[in-house]
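Following: one structure in structure tokens, then a few remarks.
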Amino acid sequence: MASSDAEQNKVMAILAYVLFFIPLLAAPKSAFAKYHANQGLLLLIFAIAVQVIGGVVPFLGWFLILPIGNIAVLVFFVMGIINASNGAMKPLPLIGGFTLIK
């Protein structure tokens with residue numbers, strides 16, 4: 001990855017954690033923006049999974065999965081934004097190793 005790509009597309013990479021598809025539309029040729037769009041999509045899927053599983057599983061889901069899962073989503077969100085603003089392409093813990101957007 002060229003450092004100029006990271007410098008030019010930092011804002012798009014940060015926005016990827018709010019709405020993952022924005023960098024795909026605004027900077028489709030940027031590998032840096034696509035990487036963070038992928039991380040943002042993985043985080044969205046993880047957040048949905050936490051909500052669904054936590055809401056369906058009685059007691060254990062309500063009192064363990066939802067609180068811990070929501071804290072994990074928040075921590076991953078902040079980590080992703082920090083990585084994007086620093087120009088780094090570091091995968092998020094647990095979920096960052098998957099590639100859905102190439």
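Bear in mind the structure is a predicted one, so any value in this text is a computation, not a measurement.
- Linking ILVMFWY residues whenever their side-chain heavy atoms come closer than 4.5 Å, directly or via other members, leaves M89 and L100 in distinct clusters.
- Atoms CG and CD1, from N86 and I81 in turn, are 12.0 Å apart once rounded to the nearest 0.5 Å.
- Note that the CD1 atom of I82 and the CZ atom of F77 stand 10.5 Å from one another [nearest 0.5 Å].
- When every heavy atom of A33 is checked against every heavy atom of N9, the shortest pair comes out as CB-CB, 4.4 Å.
- Judged by distance alone, the side chain of S30 and the main-chain N or O of A27 form no donor-acceptor pair under 3.5 Å.
- Contact annotation: the side chain of N83 approaches that of H36 to within less than 4.5 Å [non-hydrogen atoms, C-beta and beyond].
- The distance from atom OH of Y35 to atom NZ of K102, rounded to the nearest 0.5 Å, is 14.5 Å.
- For V57, the side chain to side chain contact (heavy atoms under 4.5 Å, CB included) partners two or more places apart in sequence, or in a different chain, are I53, L60.
- There is no path of hydrophobic side-chain contacts, each under 4.5 Å, that joins V78 to I68.
- Under a hydrophobic-cluster definition in which Ile, Leu, Val, Met, Phe, Trp and Tyr are linked whenever side-chain heavy atoms come within less than 4.5 Å, directly or via other members, I65 and W62 are assigned to different clusters.
- Looking only at distances, no side-chain donor or acceptor of Q39 sits under 3.5 Å from a matching main-chain atom of P91.
- Using a 4.5 Å cut-off on side-chain heavy atoms (C-beta onward), L15 and F20 make no contact.
- When all heavy atoms of A26 and P28 are compared, the pair lying nearest together is C-CD, 3.6 Å.
- Summarising the geometry of N38 relative to I101, their closest heavy-atom pair is OD1-N, 3.0 Å, with the distance given to 0.1 Å.
- In this structure, the side chains of L42 and L92 stay at 4.5 Å or more apart for every pair of heavy atoms.
- Across S85 and K10, no two heavy atoms sit closer than the pair O-NZ, 3.1 Å.
- Using the six-membered ring where Trp is involved, F76 and F46 have ring planes that are tilted, between 30° and 60° apart.
- Two residues are said to be in side-chain contact when any heavy atoms from C-beta on lie closer than 4.5 Å; I22 and L19 meet this criterion.
- Across D5 and A31, no two heavy atoms sit closer than the pair OD2-N, 3.3 Å.
- In terms of hydrophobic clustering, with Ile, Leu, Val, Met, Phe, Trp and Tyr side chains grouped at heavy-atom distances under 4.5 Å, V73 and L64 are assigned to different clusters.
- Between A84 and F32 the shortest heavy-atom distance is O-CZ, 3.5 Å.
- Side-chain contact, Q51 with N70: a donor N or O sits under 3.5 Å from an acceptor N or O.
- A distance of 9.0 Å separates CD1 of I45 from CD1 of I95, quoted to the nearest 0.5 Å.
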